[in-house]
Amino acid sequence: MDHFGRNKIKDLLKSHESFVGNNVIVKGWVRTKRGNKNVAFIALNDGSIIHNIQVVVDVQNFDENILKLVTTGACLKVHGKLVESAGSGQKVEIVAESIEIYGTADAEIYPLQKKGHTMEFLREIAHLRPRTNTFGAVLRIRHAMAFAIHKYFNDNGFYYIHTPVITGSDAEGAGAMFRVTTLDAANPPKKEDGAIDFVQDFFGKPTNLTVSGQLEAELGAMALSLVYTFGPTFRAENSNTPRHLAEFWMIEPEMAFYEITENMDLAEDFLKSLIRYALENCYDDLEFLNEMYDKELIERLKSIVNVDFERLSYTRAVEILEKCGEKFEFPTAWGSDLQAEHERYLVEKHFKKPVILTDYPKDIKAFYMKQNDDGKTVRGMDVLFPRIGEIIGGSQREEVYEKLYSRMKEMGVSEKELWWYLETRKFGTAPHAGFGLGFERLILFVTGMSNIRDVIPFPRTPMNAEF
Ligand code: 4AD
Ligand code: MG
């Protein structure tokens, strides 16, 4: 019994030996009710575990007006005795002694009255979909992965650093950003030349929602050596794909004294340890998802934990793609960014395991990446996963002031805005590296779901911010 005066269904099902014969109290939502004139069976779920507990009701002992209100979706408190179940399908069940109704759910209009809704429909009722088996499983796995991430870093001597959500800088220099302002959109103050006068805005300058916590994390690494951020990140690109969100969560470790090889070693160990954690701690939910959506899910997760990721340069990857004879929608040529179809070919068909690509052409990567001696490539790395494509993007950072400064000039990155970033290279600079893991891409991989909108409770995508 916990301090809210109830037994969690998880405890009753998982440790039933210690509860059989006892009086118990469960509180939860009705998934189904079936039975006949004499006996009713209620499947109750409280979200502590994917499985329901069966409540057996001897109809003659109960007020029929109360039993009528026990419909799918209603919330109940049930008091009764936990007994070994006579029926098949469950080890234990509760013989009800009393039932109190917290909230009814009119069967005529409750949207989850029936099973088998499409994922698209469930997105329209994101306020109720946590009550389905699928979203219960996804949300518990999402929680477990967030916990495992903090645990991994804590166990390895990293410090969690909170980087700002509102910033004046553009870390990636590529994506569109969401403006943050308190100016009156209909009538903003103007300068003499007609441009909006941001000096009169809340922060006295233009600001936006962050696209990455990396630049601030680097400041932390230049003092605490090993740090990471884990927070919401925003990109205003109009990309309606199953792998892009406008608001997503990113994990960004940043390590002083790491070069690209240590960066790759960390990324690989980190991902494997998270997947191992899921296999060890979320098995009931994974089994459900494996059964319902993706029959190869658990095997795929196990295979990642035991394989060495393939490491090769971007240049070598382009050679493979050019020679492979596969028909792609987009052509491959040295110097252009790889498309998802190319990444997935390398991972799923050519190497048949996760791949880490390094040393990209400098013109398709951000200004902060360490420049190689060839003058053409930078020490970036992307980790590519089956079904997902890019799951991690990172790099060794350019730590030499002059090189960073001239690259910023070349790329039109404002050294006035990023003066504080440049100063880390002026005062006690050090080799360092880091990467960003897209949290929802990780959850997509671990749950086997196929659309990123279904692994975050309230997805933000173009034209969608209802809940
Ligand atoms: O490759 P990205 O853009 O890298 C960075 O932002 C660096 N500052 C990271 C670093 O080195 N600290 O993004 C990193 C990862 C991607 O690999 C992808 O998993 C995820 O973030 N990501 C997205 N996930 C969902 N929706 C989007 N729109 C995403 N954009 C990137
Ligand atoms: Mg990237």
Side-chain angles (χ1 to χ4, degrees), residues 161-220 222 229 231-241 244-250 252 254 336-337 361-369 371 378 380 393 395 397-427 429 436 458-466:
I161 179 161
H162 297 95
T163 53
V165 168
I166 301 174
T167 72
S169 56
D170 176 3
E172 291 302 297
M177 298 182 294
F178 291 101
R179 171 65 38 90
V180 175
T181 179
T182 53
L183 295 180
D184 179 0
N187 186 25
K190 300 262 173 71
K191 293 193 287 194
E192 274 172 15
D193 63 1
I196 294 176
D197 184 12
F198 285 104
V199 173
Q200 295 185 51
D201 203 350
F202 190 90
F203 298 105
K205 60 187 265 185
T207 50
N208 50 266
L209 294 177
T210 188
V211 297
S212 160
Q214 177 195 324
L215 302 190
E216 293 90 349
E218 284 187 52
L219 313 180
M222 290 298 107
T229 71
T233 315
F234 306 87
R235 306 220 172 153
E237 294 133 60
N238 200 2
S239 29
N240 256 311
T241 82
H244 287 87
L245 290 165
E247 175 180 303
F248 63 99
W249 287 65
M250 185 154 53
E252 295 183 276
E254 194 67 36
S336 57
D337 218 349
K362 64 178 182 187
D363 292 332
I364 58 170
K365 289 291 183 189
F367 70 94
Y368 51 69
M369 294 194 182
Q371 297 158 38
V378 289
S395 75
R397 318 305 189 190
E398 183 54 78
E399 84 276 20
V400 179
Y401 182 93
E402 291 74 21
K403 286 192 177 171
L404 180 62
Y405 184 84
S406 66
R407 191 71 190 132
M408 285 168 72
K409 280 272 177 208
E410 268 169 35
M411 295 183 74
V413 178
S414 164
E415 82 264 20
K416 268 208 205 108
E417 246 169 46
L418 290 183
W419 64 273
W420 46 270
Y421 184 70
L422 273 164
E423 281 209 349
T424 55
R425 277 59 172 178
K426 222 190 270 179
F427 306 124
T429 192
F458 305 104
R460 296 287 174 263
T461 51
M463 305 309 289
N464 179 18
E466 179 74 18

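Just so you know, these numbers use all the heavy atoms, side chains as well, and skip hydrogens, waters and symmetry mates.
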ask   = Can you check whether L215 reaches W420 side chain to side chain, under 4.5 Å on heavy atoms?
value = yes
query = Say you draw a straight line from CD1 of I166 to OG1 of T207; how long is it, rounded to the nearest 0.5 Å?
reply = 6.0 Å
query = From E254 CD over to I161 CD1, what is the distance, rounded to the nearest 0.5 angstrom?
reply = 10.0 Å
key: Test item: side-chain donor near acceptor, Q214 and Y368, under 3.5 Å   = yes
key: Contact summary for V211 and M250, nearest pair of heavy atoms   = O-CE, 3.7 Å
ask   = When you measure from the side chain of T424 to the backbone N and O of L219, does any donor-acceptor pair fall under 3.5 Å?
value = no
inquiry  = A side-chain contact here means heavy atoms from C-beta on lying under 4.5 Å apart; do T229 and E216 qualify?
reply    = no
task = Let me see the working for F234 and V180 under side-chain contact (heavy atoms from CB on, under 4.5 Å), right down to the final yes or no.
result = CA-CA 12 Å; F234 306 87; V180 175; over 6 Å; no
query = Rounded to the nearest 0.5 Å, how far apart are OG of S406 and CD of E398?
reply = 8.0 Å
query = Hey, are the side chains of Q371 and V378 touching, using non-hydrogen atoms and a 4.5 Å cut-off?
reply = yes
query = Which is it for S169 and Y421 under the side-chain contact (heavy atoms from CB on, under 4.5 Å) test, yes or no, and what are the steps along the way?
reply = CA-CA 10 Å; S169 56; Y421 184 70; over 6 Å; no
message = Measuring from atom CG of N208 to atom OG1 of T181, what distance do you get when rounded to the nearest 0.5 angstrom?
response = 11.5 Å
ask   = Heavy atoms, side chains only, cut-off 4.5 Å: are L183 and I196 in contact?
value = yes
key: Salt bridge present between D184 and K190 (N-O < 4.0 angstrom)   = no
query = Rounded to the nearest 0.5 Å, what separation is found between the NZ atom of K409 and the CG atom of L404?
reply = 12.5 Å
query = Within a radius of less than 6.0 Å around CZ of F202, do more than 12 heavy atoms belonging to other residues, nucleotides or ligands occur?
reply = no
key: Shortest non-hydrogen separation from S212 to E252 and the atoms involved   = OG-OE2, 2.8 Å
inquiry  = Rounded to the nearest 0.5 Å, what separates atom CZ in F248 from atom CZ in R235?
reply    = 4.0 Å
Derivation and outcome, salt bridge (Lys or Arg N to Asp or Glu O under 4.0 Å), residues E417 and K205 = CA-CA 11 Å; E417 246 169 46; K205 60 187 265 185; over 6 Å; no
task = With R460 as the cation and F178 as the aromatic partner, state whether NZ or CZ is under 6.0 Å from the six-membered ring centre and within 45° of the axis.
result = no
query = Please walk me through it: do Y405 and R425 pass side-chain contact (heavy atoms from CB on, under 4.5 Å)?
reply = CA-CA 10 Å; Y405 184 84; R425 277 59 172 178; over 6 Å; no
message = When you measure from the side chain of R407 to the backbone of K362, do you find a donor-acceptor pair of N or O atoms at a distance under 3.5 Å?
response = yes
query = Does T241 offer a backbone N or O that forms a donor-acceptor pair with the side chain of S239 under 3.5 Å?
reply = no
key: Sidechain-backbone polar pair: D197 side chain, V199 backbone, donor-acceptor under 3.5 Å   = yes
